[in-house]
Amino acid sequence: MFGLHKNKEKTKAWKKLESEYKRFRKIEMRDLFAADNKRAAKYTLRVDDLILDYSKNRIDDKVMAGLLALAEERGIPAKIKAMFEGKKINYTENRSVLHVALRNRSGQAMLSDGKDVMPQINEVLLKMKNFSDAVRFGKFKGYTGKKLTNIVNIGIGGSDLGPVMVCEALRKYWIKGINCYFISNIDGTACAEVLNKLDPETTLFIIASKTFTTIETLTNAKTCRKWLVNALGEHAVDKHFVALSTNREEVIKFGINPENMFEFWDFVGGRYSLWSAIGLIICIAVGFENFEKLLEGAYAMDEHFRTAPLAENMPVIMALLGIWYNNFFNIHRYAVIPYDQYLQYLPAYLQQLDMESNGKSVDRENNFVKYATGPVLFGGAGTNVQHSFFQLLHQGTEIVPVDFIAPAISHNEIGNHHQILLSNVLAQSEALMRGKTVAEAAEELRKAGKDKEEVEALKKYKSFSGNRPSNTLLCKKIDAFTLGMLIALYEHKIFIQGMVWNINSFDQMGVELGKQLALNILPELEGTAFAVNHDSSTLSLIKAIKAFRK
Ligand code: G6Q
């Protein structure tokens with residue numbers, strides 16, 4: 001093992017990286033750039049039309065060699081192979097992890113439990129194509145014969161965030177006349193605000209739930225079913241409700257015709273499921289041909305990930321850079337900032353992908369870990385966030401590595417908007433890297449005509465420490481193919497980190513305790529049980545809520 005472990009043993013690669021850190025921590029990136037004009041070329045990778053420039057990281061060849069040695073030591077190539085071979089790498093749930101099979105375009109078999117999963121995947125894909133085409137071309141109509149133009153996805157977590165993010169990212173490709181809505185939160189507001197806008201005769205509800213037992217989704221689905229039945233009657237349900245699930249029994253129990261069910265399987269984790277039947281709303285919104293392009297983009301990244309040597313492997317390199325900061329610089333956070341309005345939900349999507357996957361504390365040998373695992377991820381669309389939390393990124397005492405994402409071409413080339421946007425993304429990474437010394441700030445103040453006293457008073461406030469790392473992911477345009485690549489890139493990055501940290505990135509037991517306690521508290525709030533067995537804070541909050549609601 002590596003890191004600070006039970007027996008306090010650190011592996012060779014880990015110790016080497018610790019000493020690299022000691023050597024490197026004071027080195028300034030601006031000096032490295034000045035000393036080597038090939039630095040950017042050296043630390044740039046490209047897959048199709050997606051470029052990763054990672055030269056603005058606190059690395060040199062020795063650091064990279066150390067990180068790659070760690071990946072080798074952790075047996076990363078074999079672990080990548082194990083995932084593609086359908087080995088049960090989700091060991092706490094005894095499951096294969098085969099979202100890669102959902103976008104396998106090779107025509108080759110992929111196995112789970114010794115069985116080829118491709119025939120069933122292709123069968124559901126065909127069903128998704130036929131159904132989305134039928135809705136789009138008005139062949140599958142509502143109960144009263146009207147075209148279904150309002151599509152509502154009811155799902156939460158992995159059954160919501162992927163579809164929302166992709167639909168928004170590809171908004172420019174939306175089929176004319178189709179409108180998409182998403183209901184996820186149990187807060188009645190989510191339901192009410194969507195239903196208020198809709199006409200039952202033209203509305204299709206997609207109930208997206210892997211387990212079909214999730215309280216939020218089922219409660220929202222029941223409310224919507226009631227709304228529809230009140231307007232059109234029970235017989236209308238078959239024409240207005242479809243289900244995406246692994247759980248046929250519960251779908252039937254809920255009252256959805258199993259013919260209207262699109263299946264997926266346990267080897268698809270919720271947060272990795274947008275490529276499965278969970279992507280149905282994407283197919284309807286942008287057409288199946290664009291959904292296929294999304295799959296093809298992801299497949300291109302899968303192939304790169306599966307075959308490229310570690311040193312040239314984009315997801316591996318991003319994973320190792322994250323580990324470098326997380327475990328050696330003790331920087332346990334990073335930000336993802338897309339400079340594309342259509343990618344505004346990408347940070348929220350990646351937040352789940354990363355934090356639910358790698359927010360773990362027990363290793364594969366059943367020990368509590370003694371080293372940092374998954375970082376905190378946050379973000380938002382540029383340039384908006386430059387006017388909010390970027391202050392801290394530039395001058396705060398916390399260092400936040402950033403992934404900047406930008407398309408060279410916008411879907412809306414209006415005037416010089418996009419050039420301004422692009423100049424900003426480049427300026428931000430340059431500013432973070434280069435900074436501004438106190439002397440430089442003083443010089444600037446003097447040049448601006450400030451007197452000696454003013455220069456002294458302001459020069460520190462106007463300085464920037466710099467040496468703050470970032471990656472830049474540059475692509476030509478955010479189309480379905482590029483988006484597929486981008487999402488798969490992060491999926492694999494997160495997987496590699498989980499493997500280096502020796503944790504299971506594919507379960508999510510940490511979301512259970514809160515759910516369990518909510519089930520106890522609900523009857524107490526509804527007055528069908530007495531509040532007992534809580535701490536005094538919870539007890540008095542229950543009391544206060546009841547008093548307010550009287
Ligand atoms: C994702 C998680 C979680 C899940 C939701 C919804 O990996 O498992 O976010 O997607 O809890 O679950 P259902 O799809 O089963 O309703």
Side-chain angles (χ1 to χ4, degrees), residues 83 89-100 102 124 152-166 182-187 190-191 205-225 241-254 256 261-282 345 347-360 374 377 487-488 490-495 497-498 503-519:
M83 176 167 77
I89 58 173
N90 177 358
Y91 61 94
T92 51
E93 297 177 320
N94 196 30
R95 288 177 186 168
S96 313
V97 174
L98 275 177
H99 45 278
V100 287
L102 301 167
V124 175
V152 184
N153 190 81
I154 304 181
I156 197 164
S159 300
D160 168 68
L161 289 161
V164 179
M165 183 274 287
V166 173
F182 296 86
I183 301 177
S184 53
N185 203 334
I186 188 62
D187 186 337
C191 238
F205 292 100
I206 299 177
I207 316 304
S209 177
K210 180 174 167 180
T211 55
F212 233 77
T213 56
T214 306
I215 190 163
E216 291 92 336
T217 301
L218 289 191
T219 309
N220 282 325
K222 270 181 208 148
T223 301
C224 292
R225 196 179 188 283
F241 273 81
V242 299
L244 321 174
S245 188
T246 58
N247 193 342
R248 194 180 163 87
E249 222 171 277
E250 288 296 326
V251 168
I252 296 171
K253 224 194 270 172
F254 179 84
I256 292 180
M261 173 179 165
F262 297 77
E263 199 187 1
F264 62 112
W265 311 272
D266 275 343
F267 57 75
V268 181
R271 55 194 171 278
Y272 299 86
S273 66
L274 71 88
W275 323 98
S276 72
I278 292 294
L280 185 65
I281 192 166
I282 304 170
Y345 298 131
Y349 169 79
L350 293 177
Q351 206 163 44
Q352 176 190 32
L353 194 64
D354 201 331
M355 293 169 74
E356 202 166 47
S357 297
N358 286 342
K360 310 285 163 65
L377 187 165
I487 303 167
Y490 276 94
E491 285 180 348
H492 296 324
K493 172 209 157 178
I494 291 161
F495 160 66
Q497 292 189 326
I503 53 176
N504 184 1
S505 302
F506 301 105
D507 61 8
Q508 56 282 319
M509 301 193 186
V511 301
E512 292 307 323
L513 179 59
K515 281 192 205 169
Q516 217 177 355
L517 296 184
L519 285 180

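In what follows, residues are counted from 1 in the order of the sequence shown. This is a predicted model, so every value here is computed, not measured. One-based numbering, in listed order, for ligands and for the atoms of each.
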Worksheet item: Under 4.0 Å from ligand 1, counting heavy atoms only, is it the side chain of Gln508, its backbone, both or neither?
Response: side chain
Discussion item. Measuring only between side-chain heavy atoms, which start at C-beta, is Phe495 closer than 4.5 Å to Met83?
Written reply: yes
Practice prompt. Run the numbers for me: atoms of ligand 1, each under 4.0 Å from some heavy atom of Gly270, listed by number.
Written response: 1 (C), 7 (O), 10 (O)
Worksheet entry | For atom 5 (C) of ligand 1, closest protein heavy-atom neighbour | Ile156 O, 3.5 Å
Worksheet item: Heavy-atom distance to atom 2 (C) of ligand 1: which of Glu356, Glu250, Lys210 wins?
Response: Glu356
Response to the item:
Among non-hydrogen protein atoms, atom 12 (O) of ligand 1 lies closest to Thr214 OG1, 3.5 Å
Discussion item. Looking at every heavy atom in both Gly162 and Leu274, which two are closest together, and how far apart are they?
Written reply: CA-CD2, 3.8 Å
Practice prompt. Pull out every atom of ligand 1 sitting under 4.0 Å from any heavy atom of Ser209, numbered as shown with elements.
Written response: 13 (P), 14 (O), 15 (O), 16 (O)
Worksheet item: Glu216 near ligand 1, heavy-atom distance under 4.0 Å?
Response: no
Discussion item. Evaluate Gly158 for polar contact with ligand 1, using N/O atom pairs at a separation under 3.5 Å.
Written reply: yes
Worksheet item: What are the two closest non-hydrogen atoms of Lys360 and Asn504, and how far apart are they?
Response: NZ-O, 2.9 Å
Response to the item:
Closest non-hydrogen contact found for Val511 with Glu356 is CG1-OE2, 3.5 Å
Worksheet, complete the sentence: Looking at Gly157, Ala208, Ser159, the heavy atom closest to atom 14 (O) of ligand 1 belongs to Ser159
Worksheet entry | Tyr349 side chain near Ile487 side chain, heavy-atom distance below 4.5 Å | yes
Worksheet item: When you look at Trp265 and Val124, which way does the side chain to side chain contact (heavy atoms under 4.5 Å, CB included) test go after all the steps?
Response: CA-CA 11 Å; Trp265 311 272; Val124 175; 3.7 Å; yes
Item to complete: Please indicate whether any nitrogen or oxygen in Thr217 is less than 3.5 Å from any nitrogen or oxygen in ligand 1.
Response: no
Worksheet item: Within 4.0 Å of atom 8 (O) of ligand 1 (strictly less), any protein heavy atom?
Response: yes
Fill in: Nearest heavy atoms of Ser159 and Ser209, plus distance in Å
OG-CA, 4.0 Å
Fill in: Nearest-contact summary for atom 15 (O) of ligand 1 - protein heavy atom, Å
Thr211 OG1, 2.6 Å
Worksheet item: Under 4.0 Å from any heavy atom of Arg271, which atoms of ligand 1 are there?
Response: 1 (C), 7 (O)
Worksheet item: Is there a side-chain contact between Arg271 and Leu161 (heavy atoms, below 4.5 Å)?
Response: no
Fill in: Candidate pair Leu377 and Tyr490, rule side chain to side chain contact (heavy atoms under 4.5 Å, CB included), full reasoning
CA-CA 12 Å; Leu377 187 165; Tyr490 276 94; 5.9 Å; no
